[in-house]
Amino acid sequence: MKKFSILLITAIVLISCQSNKNYKITGTVTDSAYEGKNVYVQEMTANEMVAVDTAVITNGAFTFEGLADSTVLRFIALDETVNPQKPSRVLTVLEPGNIDIKFDSTITVTGSKLNNDYNTFRKEEEKISKEMRAVSQKYRELASAGLMTDSVDVELNEQFDKMSEDLSTKTADFIKTNIQNPLGKFLFMTSAEMFKPETQREILALTDDAYKAEANIQRIVKRLDNAEKVAIGQKFVDFTMKDTKGNDVSLSDYAGKGKVVLIDFWASWCGPCVAEMPNVVAAYNNYKNKGFEVVGVSLDKEEEKWLAGIKELQMTWPQMSDLLFWETPVVELYAFRGIPHTVLLDKDGTIIAKDLRGAELHNKLNELLGK
């Protein structure tokens with residue numbers, strides 16, 4: 001009898017422990033086009049998303065159940081072929097408890113604590129992102145209509161920068177709070193580039209050695225090291241590519257030779273680069289006889305389009321490219337993730353400013369070289 005009681009108690013404890021690790025996902029999909037279609041639990045591997053569980057949407061609903069021995073991240077994804085233009089995948093934390101997912105005009109994930117926290121953060125993130133998109137749209141509309149003035153240019157850029165800084169701060173704070181769990185670690189890995197180097201270092205200092213040793217994090221660390229080498233106040237880092245005639249040409253052929261030099265990373269396929277180029281052309285024409293030089297560094301991959309872009313955009317300054325697209329080593333060397341990206345050097349080759357746009361570029365050149 002005593003032996004039976006011990007076995008029974010042990011079984012009850014095991015069942016209880018197991019139930020404490022259970023999760024249940026209850027999902028709803030308001031768009032009837034998904035009725036009868038599959039919905040997937042996906043795991044992100046190094047190269048692709050892999051479905052690890054599948055359910056069918058019935059009467060606009062679906063469920064998944066399982067054990068969460070540890071907190072893990074998965075994506076819940078609808079059939080993307082139904083509406084390729086509509087968001088159909090959401091990051092979800094699998095942890096014990098009931099998790100509710102709603103695919104509506106927006107996607108919400110609530111129920112467990114970490115999912116609740118992340119859902120609140122995502123709402124704030126989307127609000128700020130929407131405001132940033134509105135400012136960008138207004139800028140484009142005014143520019144295309146020829147109604148942009150210097151004061152409005154500065155005002156809109158200041159608004160955008162303030163929103164961007166706010167988004168960056170909120171994201172960093174959320175990551176710091178969660179850096180010891182898989183969600184915080186994943187978000188840092190995927191969004192590190194939006195933070196200033198000192199913020200990235202601060203977050204990394206909160207992590208363990210195993211996380212720092214991961215390949216993706218090592219790439220971030222390497223980029224941070226490179227960014228510090230090309231920070232404002234540092235001397236330019238030299239590199240060599242081919243000019244438009246196929247000859248080797250180096251940045252040092254122009255930088256540190258007594259002229260103010262703007263390194264302009266661009267590409268013929270880059271819309272924002274094309275939109276900004278008339279401003280660079282105007283600055284070059286105004287200051288080229290006063291000690292100003294531009295060096296174009298293209299991320300093109302097709303020589304014909306590169307050369308055609310130079311001609312069409314009336315870029316009469318030195319150009320170089322290795323036609324390697326984003327695989328060019330200069331991307332890592334100068335630690336940038338988007339173009340146009342510009343780096344301004346003083347006459348001695350010291351980096352004094354980055355990413356000057358519109359009137360900011362002219363004002364800086366006027367400060368350095370006079371009107």
Acceptor/donor pairs from residues 62-75 side chains to any protein atom, 3.5 angstrom cut, sequence neighbours excluded:
none

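A side-chain donor from one of D153 and Y139 sits under 3.5 Å from a side-chain acceptor of the other. In this model, no donor atom of one side chain and acceptor atom of the other lie less than 3.5 Å apart for T342 and D264.
The cationic group of K290 lies under 6.0 Å from the six-membered ring centre of Y287 and within 45° of the ring axis, placing it in a cation-pi geometry.
Residue K301 places its NZ atom among 12 or fewer non-hydrogen atoms of other residues, nucleotides or ligands, all under 6.0 Å distant. Applying the 6.0 Å contact sphere to NZ of K86 captures more than 12 heavy atoms from other residues, nucleotides or ligands.
No side-chain heavy atom of F336 sits under 4.5 Å from any side-chain heavy atom of V343. At least one side-chain heavy atom of E35 sits less than 4.5 Å from a side-chain heavy atom of N59. In this structure, the side chains of I203 and K176 come closer than 4.5 Å at one or more pairs of heavy atoms.
In this structure, the side chain of S144 engages the main chain of R140 through a donor-acceptor pair within 3.5 Å.
Ring pair F239/Y334 is perpendicular by interplanar angle, where above 60° counts as perpendicular and below 30° as parallel. Between Y284 and W317, the angle of the ring planes goes over 60°, which puts this pair in the perpendicular group of the 30/60° scheme.
A salt bridge between R122 and E126 is absent, with no side-chain N of the basic residue lying under 4.0 Å from a carboxylate O of the acidic one. Ionic pairing of E193 and R223 is present here: one or more N-O contacts between side-chain nitrogen and carboxylate oxygen are shorter than 4.0 angstrom. Ion pairing between K242 and D248 holds under the 4.0 Å rule for side-chain N and carboxylate O.
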Could you give me the CA-CA distance, side-chain angles and deciding distance for V152 and L147, then say whether side chain to side chain contact (heavy atoms under 4.5 Å, CB included) is met? CA-CA 9 Å; V152 173; L147 299 176; over 6 Å; no

Checking side chain to side chain donor-acceptor pair (under 3.5 Å) for the pair S88/E80: CA distance, chi angles, key distance, verdict? CA-CA 6 Å; S88 59; E80 61 183 11; 5.1 Å; no

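When each of I220, T207, V221 is paired with K212, the side chain to side chain contact (heavy atoms under 4.5 Å, CB included) condition holds for T207 and for no other.
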